[in-house]
2 protein chains.
Amino acid sequence: MADVVEKRLREYFKKNAFRPGDPIPKEMELAEALQVSRNVVREALSRLKMLGMIESKKKRGMILSEPDIFGGFERVLDPLILEQQTLKDLFELRLVLELGLADLIFLRKTDKDIQDLEKIVSKSTNINKTSFKVKNEIAFHGKLYEMTGNHTIMRFQTLLMPIFEYVVAEEEKQGAAYSISRITHIDLLEILKNGSAGQFKEAMRAHLSPHFERLI
Amino acid sequence: MADVVEKRLREYFKKNAFRPGDPIPKEMELAEALQVSRNVVREALSRLKMLGMIESKKKRGMILSEPDIFGGFERVLDPLILEQQTLKDLFELRLVLELGLADLIFLRKTDKDIQDLEKIVSKSTNINKTSFKVKNEIAFHGKLYEMTGNHTIMRFQTLLMPIFEYVVAEEEKQGAAYSISRITHIDLLEILKNGSAGQFKEAMRAHLSPHFERLI
DNA sequence: TTTGTCATTATGTTCTACATAATAAAACGT
DNA sequence: ACGTTTTATTATGTAGAACATAATGACAAA
């Protein structure tokens with residue numbers, strides 16, 4: 001029944017055009033209006049609290065608030081409980097994102113961004129250990145996401161990253177041989193400096209080709 | 001306190017490598033183990049039920065199950081309660097997706113897919129009413145997502161679509177004049193038939209340029 | 001005016017009780 | 001001895017009361 005109440009509450013907020021900051025009725029009133037016990041109402045409210053949709057303070061009551069858009073998503077992103085197919089789908093989703101970033105990046109990149117990337121690339125040249133390589137890889141691609149100036153996309157990619165790495169690790173464990181890309185971070189950076197969005201897309205596709213080879 | 005219990009439960013499942021289908025301890029046992037009342041445990045469990053992480057049947061007890069990966073996301077996607085900036089971020093996110101699809105589409109497209117697209121395009125020629133145009137637009141782009149064979153990406157775009165439309169409608173309401181793209185669905189279809197992924201990316205970028213013009 | 005006390009109010013937490021459904025065990029009749 | 005019915009048990013679902021806690025405001029005293 002908490003299911004129903006939760007849904008009805010959300011519909012109620014939507015129907016009455018509640019906005020973040022607006023106070024919502026107290027638990028007892030809701031319980032009476034919906035003809036359920038306060039207990040059930042609290043279960044439903046607890047769900048919405050998890051999503052960040054409502055906040056509550058003693059005596060002051062509860063207010064609607066802006067939810068954490070990926071809060072629920074984050075809680076559920078566990079490689080152990082998701083199906084293999086879903087994990088692969090998410091792996092591809094991150095690839096798609098990465099390939100689609102070019103135009104946003106070229107729209108918003110700044111000189112400071114280029115300098116940051118140069119620092120990251122310069123560090124990568126004298127690295128041997130695999131764990132450091134992975135960290136450098138993450139730093140470079142993470143910076144690309146940051147350059148879009150889109151906080152939501154960046155958060156999304158941060159959440160997707162562990163899944164991506166998990167899928168790669170699983171495939172390697174099963175004997176997948178990843179070829180080394182002919183396009184390096186240095187090449188990508190060069191295009192960011194002097195090239196076009198179109199060239200960047202092509203280069204990024206080539207850079208990620210080892211992953212694409214394993215898709216089909 | 002439901003917050004804490006919910007987190008501890010998830011950690012408990014993860015630590016003990018619980019998999020979908022595994023039975024989990026009963027409410028009373030959890031309550032005792034965590035030193036809280038059964039009520040608090042039920043609030044936490046109710047949250048996880050919302051995410052689809054657990055299912056419960058009377059007497060049989062509760063089992064862990066595969067969560068709905070976008071369940072929480074879906075509940076929160078209301079234009080009225082999200083910040084303007086977040087809405088714009090999501091608008092861009094969908095643009096990025098659309099631009100990144102090309103390689104997956106060319107990897108997996110079938111003759112049947114092309115036929116389906118041709119049907120959709122042929123219907124669009126003799127349409128005047130705006131509402132039908134929008135529906136046709138959705139059908140065409142939705143089909144593109146479907147062609148990736150990636151159910152997760154498709155679901156994600158379905159969720160994002162209403163937000164995308166909301167943002168477009170809001171901008172038009174504020175006097176934004178959308179120029180008409182020089183690349184039509186017909187052009188895109190032609191490239192799908194006889195062109196390359198690279199050409200498709202370029203064409204899609206041009207097709208979406210009216211949206212990009214409003215970004216900066 | 002300031003401070004202190006007290007009543008009030010709404011959420012947070014616990015406990016008890018009972019309903020409900022599914023399962024197992026026991027009792028019963030033929 | 002077999003199958004059917006009844007009964008008991010168990011775990012979740014729902015309700016309600018009780019008390020704790022914290023924030024607020026009102027009133028009174030210094």
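Computed from a prediction, not measured in an experiment: that's the story for all the values here.
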From CG of B/Leu45 across to P of D/dA11 the rounded distance in Å is 15 Å

Walk me through it: do B/Glu6 and A/Met50 pass the test side chain to side chain contact (heavy atoms under 4.5 Å, CB included)? CA-CA 9 Å; B/Glu6 178 224 324; A/Met50 176 180 69; 3.7 Å; yes

Scoring nucleotides 20-26 of chain C by protein non-hydrogen atoms under 4.0 Å (B base, S sugar-phosphate only, - none) yields BSBS---

- So, is B/Ser56 near the phosphate of D/dG13, with a side-chain N or O under 4.0 Å from OP1 or OP2? yes

*Assess the side chains of B/Asp89 and B/Gln85: does a donor N or O sit below 3.5 Å from an acceptor N or O?*
yes

- Within the structure, does a side-chain N or O atom of B/Arg42 lie under 4.0 Å from either OP1 or OP2 of D/dT12? no

B/Ile63 atom CD1 is separated from D/dA11 atom P, nearest whole Å, by 16 Å

Verify the ring-centre separation between B/Phe73 and B/Phe156: is it less than 6.0 angstrom? yes

Which atom pairs, one a donor and one an acceptor, fall under 3.5 Å between side chains of residues 59-71 of chain B and the rest of the protein, sequence neighbours left out?
from    : atom 1 : to       : atom 2 : distance (Å)
B/Ser65 : OG     : B/Gly52  : O      : 3.0
B/Glu66 : OE2    : A/Glu83  : N      : 3.0
B/Asp68 : OD1    : B/Phe70  : N      : 3.3
B/Asp68 : OD1    : B/Arg155 : NH1    : 2.8

B/Val4 meets the side chain to side chain contact (heavy atoms under 4.5 Å, CB included) criterion, sequence neighbours left out, with B/Arg8

Exercise. Do A/Arg108 and A/Thr148 get their side chains close enough for a donor-acceptor pair, meaning under 3.5 Å?
Worked result: no

Rounded to whole Å, the NZ-C1' distance (A/Lys49 to C/dG12) equals 8 Å

For B/Arg214, the side-chain hydrogen bond (donor to acceptor under 3.5 Å, both in side chains) test, sequence neighbours excluded, returns B/Glu171

In short, side chain to side chain donor-acceptor pair (under 3.5 Å) pairs touching residues 16-25 of chain A with sequence neighbours left out are none

From CE of B/Met1 across to P of C/dG12 the rounded distance in Å is 12 Å

Rounded to whole Å, CG of A/Asn39 lies from P of D/dA15 at a distance of 9 Å

Ordered by number, residues from residues 5-38 of chain A within less than 4.0 Å of DNA chain C (heavy atoms) are A/Lys26, A/Glu27, A/Arg38

